[in-house]
S.K.: 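Below you will find the structure I want to go over with you.
Lettering of chains follows the sequences in order, A, B, ..., and the numbering in each one begins at 1. In what follows, every heavy atom counts, from backbone to side chain, and hydrogens, waters and symmetry copies are set aside.
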Amino acid sequence: MAKGITTRADDYSQWYIDIVLKADLAEHSPVKGCMVIKPTGYGIWEKIQQNLDRMFKETGHVNAYFPMFIPESFLKKEAEHVEGFAPECAVVTHAGGKKLEEPLVIRPTSETIIWATYKNWISSHRDLPLLINQWANVCRWEMRTRLFLRTTEFLWQEGHTAHATHEEAEEEAFKMIHVYRKFAESFLAMPVLVGRKTNKEKFAGALHTYCIEAMMQDGKALQAGTSHHLGQNFAKAFDVKFQDKNKELQYVHATSWGVSTRLIGGMIMTHSDDNGLVTPPKLAPVPVVFVPIWRSEEEMALVTNKAREITATWDPLSYRIDLRDQYKPGYKFAEWELRGAPIRIEIGPRDVEQNSVVVVRRDTGEKVAMPAEGLREKLDTLLEDIQNSLYAIAKERMESRTYTVDSYEEYKARIGDGGFFRVFLDYTTPEAEQRLQDETKSTVRCIPFDAPEEEGPCMITGRPCKHRVIAAQSY
RNA sequence: CGGGGCGUGGCGCAGCCCGGUAGCGCACCUGCUUUGGGAGCAGGGGGUCGGAGGUUCGAAUCCUCUCGCCCCGACCA
């Protein structure tokens with residue numbers, strides 16, 4: 001067992017904290033709720049950025065950057081929006097040694113500053129659609145924080161688009177939640193449910209919110225990404241109009257969508273084990289690490305030269321040779337395991353002699369000898385196997401822990417054990433949802449897109465429902 | 001905001017009850033031996049104990065106030 005890591009069975013929450021700290025992903029900063037993301041953690045974020053950014057650009061979006069300071073009055077322009085964010089905003093009242101005329105809010109999200117700007121960018125239907133994304137930090141003063149899952153300041157991307165019609169905006173919001181789904185599945189190896197939030201759970205200021213929800217190893221749900229159809233709410237608040245083909249002035253239709261460093265928390269809680277971090281190969285900053293083994297200077301030269309020879313034509317970012325000589329091989333094995341490197345390669349004098357290496361996969365611990373010839377191809381296959389296997393295991397877990405329940409009594413009895421519950425729940429008014437939250441500390445996570453038509457009585461109010469929703473405890 | 005915990009070399013902790021001028025492990029530096037699952041020995045450097053005030057000949061230790069962080073619950077990506 002790894003040193004100093006609480007087991008999941010013992011205390012899941014403490015296990016998570018131990019992983020983050022011991023795998024050297026992040027540490028607490030001097031300010032409450034803030035964290036320093038260390039190179040190992042940031043390397044994962046960079047992989048997330050690179051791959052998502054590509055997906056955004058492939059779907060026609062471009063990047064820009066808007067400032068983090070927002071005039072306080074901007075926030076107040078959209079009533080629902082203000083209400084949603086006011087309590088968690090950090091406000092700058094002094095700068096340059098004096099009190100500011102108007103306080104500046106540190107962005108909790110950028111809708112307001114962006115729509116104030118779009119007003120000047122949009123005048124004709126020819127300016128639409130406007131498809132912009134930004135990578136940024138935002139700040140939300142939460143009561144309770146957790147490393148990566150909920151920090152006072154966090155990194156994210158926020159897409160903000162403007163469209164000529166309701167239908168186009170709807171299509172965009174729908175398209176982007178599917179980009180997130182695809183990213184979660186193929187890069188994070190994290191299966192997700194795709195669906196719509198209830199009115200109670202939707203973004204303040206949106207017509208509706210789409211989401212992807214993942215299940216962590218303890219059975220709790222994690223909202224991993226959201227996409228909002230904002231309708232004309234912000235266009236009206238910031239007076240953003242365009243002239244259509246019929247020379248009519250129209251308010252534009254908007255969307256916004258985002259994922260954050262929370263994804264790293266999701267990745268950890270989906271795949272890691274009691275020995276440390278497990279990183280899906282596609283997000284691993286160092287997918288393959290060589291640990292050379294030697295007893296003398298001669299052996300060191302022999303072994304490291306062999307490792308260099310094997311990797312001569314490889315992408316330098318696809319592997320690392322751990323040449324540190326202050327640590328013994330055993331220490332390095334344990335350390336790379338703790339840090340989640342998907343594949344470790346042990347290479348010592350015996351291997352050099354046989355022109356082979358020992359390959360160890362992080363997820364299963366399986367250890368096999370492989371010939372040095374054609375190693376790269378074998379590793380690529382193995383990395384793919386690991387990626388697929390992680391996904392398959394997570395998917396199996398999510399499916400086996402999704403239950404169909406009809407009675408509220410049964411729900412109350414079982415919700416504490418975790419899992420997703422397919423239930424009839426009337427979300428057309430807040431009543432049932434409120435009771436659910438008060439009585440079971442769980443919420444409706446989403447109305448899945450693929451929920452089949454199925455009639456039944458709400459398990460709380462008895463009112464008729466047309467399909468089931470997913471309820472669960474969540475992070 | 002409520003409950004719990006903590007603040008002492010970089011990290012983790014002991015010392016506090018019964019005041020006497022700071023100790024242990026890890027890490028770090030030097031040297032030698034080691035190196036296929038978290039090396040060993042020897043030598044060495046580094047802190048005035050979260051902050052302020054008070055009691056006292058003397059405070060990490062006692063008293064008062066204060067600041068901060070973490071964890072658990074009520075709000076949220």
S.K.: Rounding to a whole Å, what distance do you find between R295(A):CZ and G36(B):P?
M.R.: 9 Å

S.K.: Planes under 30° and centres closer than 5.5 Å, is that true for F333(A) with the base of G38(B)?
M.R.: no

S.K.: Using OP1 and OP2 only, check whether a side-chain N or O of S13(A) sits under 4.0 Å from C72(B).
M.R.: yes

S.K.: So what's U61(B) paired with, Watson-Crick or G-U wobble, going by both distances under 3.5 Å?
M.R.: none

S.K.: Would you say the side-chain atoms of Y475(A) and D218(A) include a donor-acceptor pair closer than 3.5 Å?
M.R.: yes

S.K.: Looking at G31(B), which nucleotide sits across from it as a Watson-Crick or G-U wobble partner, both distances under 3.5 angstrom, or is there none?
M.R.: C41(B)

S.K.: Which nucleotide, C72(B), A77(B), G37(B), lies nearest any side-chain atom of R146(A)?
M.R.: C72(B)

S.K.: Both distances under 3.5 Å, Watson-Crick or G-U wobble: report the partner of U55(B), or none.
M.R.: none

S.K.: Between G38(B) and K328(A), is there an OP1 or OP2 to side-chain N/O distance shorter than 4.0 Å?
M.R.: no

S.K.: For the side chain of P329(A), counting heavy atoms from C-beta on, which of U35(B), G38(B), C71(B) is nearest?
M.R.: U35(B)

S.K.: Below the 4.0 Å mark, does U35(B) have OP1 or OP2 next to a side-chain nitrogen or oxygen of K332(A)?
M.R.: no

S.K.: Under 3.5 Å, is there any donor-acceptor pair linking the side chain of E335(A) to the base of G38(B)?
M.R.: no

S.K.: What is the nucleic acid contact for L149(A), judged by heavy atoms within less than 4.0 Å: base, sugar-phosphate only, or nothing?
M.R.: base

S.K.: Does the structure place the NZ or CZ of R262(A) under 6.0 Å from the centre of the six-membered ring of F154(A), at an angle of no more than 45° from the ring's axis?
M.R.: no

S.K.: Does E213(A) come within less than 4.0 Å of R445(A), counting only side-chain N to carboxylate O?
M.R.: yes

S.K.: Taking only the C1' atom of each, what is the distance from A59(B) to C17(B) in whole angstrom?
M.R.: 15 Å

S.K.: Which part of the nucleic acid, if any, lies within reach of E346(A) when heavy atoms closer than 4.0 Å are counted: base, sugar-phosphate only, or nothing?
M.R.: base

S.K.: Of T109(A), V91(A), L75(A), L104(A), which is the lone residue that meets side-chain contact (heavy atoms from CB on, under 4.5 Å) with I70(A)?
M.R.: L75(A)

S.K.: What distance, rounded to whole Å, do you find between the two C1' atoms, one in G45(B) and one in C26(B)?
M.R.: 16 Å

S.K.: Can you identify which nucleotide, out of G37(B), A77(B), G38(B), has its nearest atom closest to the Y331(A) side chain?
M.R.: G38(B)

S.K.: How far, in whole Å, is G47(B) from C11(B) if one measures between their P atoms?
M.R.: 14 Å

S.K.: Relative to the 5' end of RNA chain B, which residue comes earlier, F154(A) or L147(A), by the nucleotide with the nearest heavy atom?
M.R.: L147(A)

